[in-house]
Protein chains: 2
Amino acid sequence: MTVTADESEESVSSEELAVWRALQRVQARVTRALEADLLVGHDLALASYDVLSHLAETPEGRLRMNDLAERVLLSRSGLTRLIDRLQRDGLVEREACPSDARGLFAVLTEAGAVRLTQARPTYLRGIRTQLLDTLGPEELRRCASTLNRLFPGDDSGGV
Amino acid sequence: MTVTADESEESVSSEELAVWRALQRVQARVTRALEADLLVGHDLALASYDVLSHLAETPEGRLRMNDLAERVLLSRSGLTRLIDRLQRDGLVEREACPSDARGLFAVLTEAGAVRLTQARPTYLRGIRTQLLDTLGPEELRRCASTLNRLFPGDDSGGV
DNA sequence: CCTATGTAGGTGCGCGTGCAACAGTCTAAG
DNA sequence: CTTAGACTGTTGCACGCGCACCTACATAGG
């Protein structure tokens, strides 16, 4: 088959395409491993962990819904439901924003902080074995500099 | 807040964590851009494009369901429904496997090949603007070598 | 031959997600 | 003060996905 239309224009080398495909595969592999591990070990979805994690990185343990949605890579509506679930489970609470009557804070509860602390080792171990170990230290360093250049001021927060 | 439990064990530097998070963000950004562009431009979901693309890279334009599922990063059941839709739209056909009565081939139709050819420029442009342009040529080269080392013999296929 | 184990693909089901639309609120221009 | 436009979070809806389970077939071991 090999439908080779007009490669003259809009060319992307097979090496470049391979980069994109590898990116997809790595992301899928790590994501699924983390999802499974967190689920069986702590009854926590990866998206839920991400929310707790980002909240915990905040000095006050709270974040506006919109802000949080961007950080955890979710649509606003998606975050609304996710916070619904986390609130139902007592891991997060909603709190009104004094300065803006439209705004709501998602705020980490004590139970949420505990749950996060319990789950963190599982999460970190997953990243280590699925991603970091497969990269050599040299490649890791290069990736870090490249990625941090693309997203300046984003390596904040801990662990 | 900053729940800093036991960082002694299972440590992952913030630089390493940033790598993982950046990976997620890049993947999400490119994926959503491609999905949107392909949808408005060619009424084609990204997953559908991936299927057509992988089939077209095959000499006979056909692939076993299982094999295809692995390549497009979908569960077997997920691929079943996706092929259902593509077959309904006439872009793909199912064909029995002579050597194994359990097996089925997903085979690219002429209409599927045409649709792929139409959509390809949109797809490649998306990768170019969302991913490749943001990486310098030097970083691109490094990523390629790193990723291709992690997934040897996977840069086959065209464009 | 016949049985046991593994594999290929499909189905029922529940769930998480995004899009479009909406109400409430803020802000700026007249 | 009023009004137009932008923004925040939520909801109705439809859809795509994975998991668990199932059937059909393949293959090895008796």
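Numbers restart at 1 for each chain; the letters A, B, ... are given by sequence-line order, proteins then strands.
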Which parts of residues 37-45 of chain B get close to DNA chain C, meaning a heavy atom less than 4.0 angstrom away? none
Between residues 93-105 of chain B and DNA chain C, which residues have a heavy-atom gap below 4.0 Å? B:Arg94, B:Arg102, B:Gly103, B:Leu104
Verify, without hydrogens or angle tests, whether [X] (side chain) and [Y] (backbone) share a donor-acceptor contact under 3.5 angstrom.
| X | Y | answer |
| --- | --- | --- |
| A:Arg71 | A:Asn66 | no |
| B:Ser53 | B:Tyr49 | no |
| A:Thr109 | A:Gly90 | yes |
| A:Thr117 | A:Ala113 | yes |
| A:Arg76 | A:Ala69 | no |
| B:Glu70 | B:Asp67 | no |
| A:His42 | A:Gln118 | yes |
| B:Ser48 | B:Leu44 | no |

Between B:Arg32 and B:Arg64, name the one whose nearest nucleotide on DNA chain C is closer to the 5' end. B:Arg64
Closest heavy-atom pair and its distance - [X], [Y]:
| X | Y | value |
| --- | --- | --- |
| B:Gln27 | A:Trp20 | O-CH2, 4.2 Å |
| B:Leu91 | B:Leu108 | O-CD1, 3.7 Å |
| A:Leu79 | A:Met65 | CD2-O, 3.0 Å |

Indicate yes or no: does A:Arg21 engage B:Glu57 in a salt bridge with an N to O separation below 4.0 Å. yes
Quick check: do B:Val26 and B:Thr134 have side-chain heavy atoms less than 4.5 Å from each other? no
Between the CG atom in A:Asp43 and the CG atom in A:Leu38, the distance rounded to the nearest 0.5 Å is 10.5 Å
From the 5' end of DNA chain D to its 3' end, which nucleotides mark the outer limits of contact with chain A, defined by a 4.0 Å heavy-atom distance cut-off (strictly under)? D:dC7 to D:dG18
Bounds of contact between DNA chain C and chain A, in 5' to 3' order, using a heavy-atom cut-off under 4.0 Å: C:dG16 to C:dC26
Which residue pairs pass the salt bridge (charged side-chain N to carboxylate O under 4.0 Å, His left out) test when at least one of the two sits in residues 78-93 of chain B, sequence neighbours left out? B:Asp84-B:Arg94
Within residues 80-88 of chain B, those residues having any heavy atom closer than 4.0 Å to DNA chain D are B:Arg81, B:Arg85
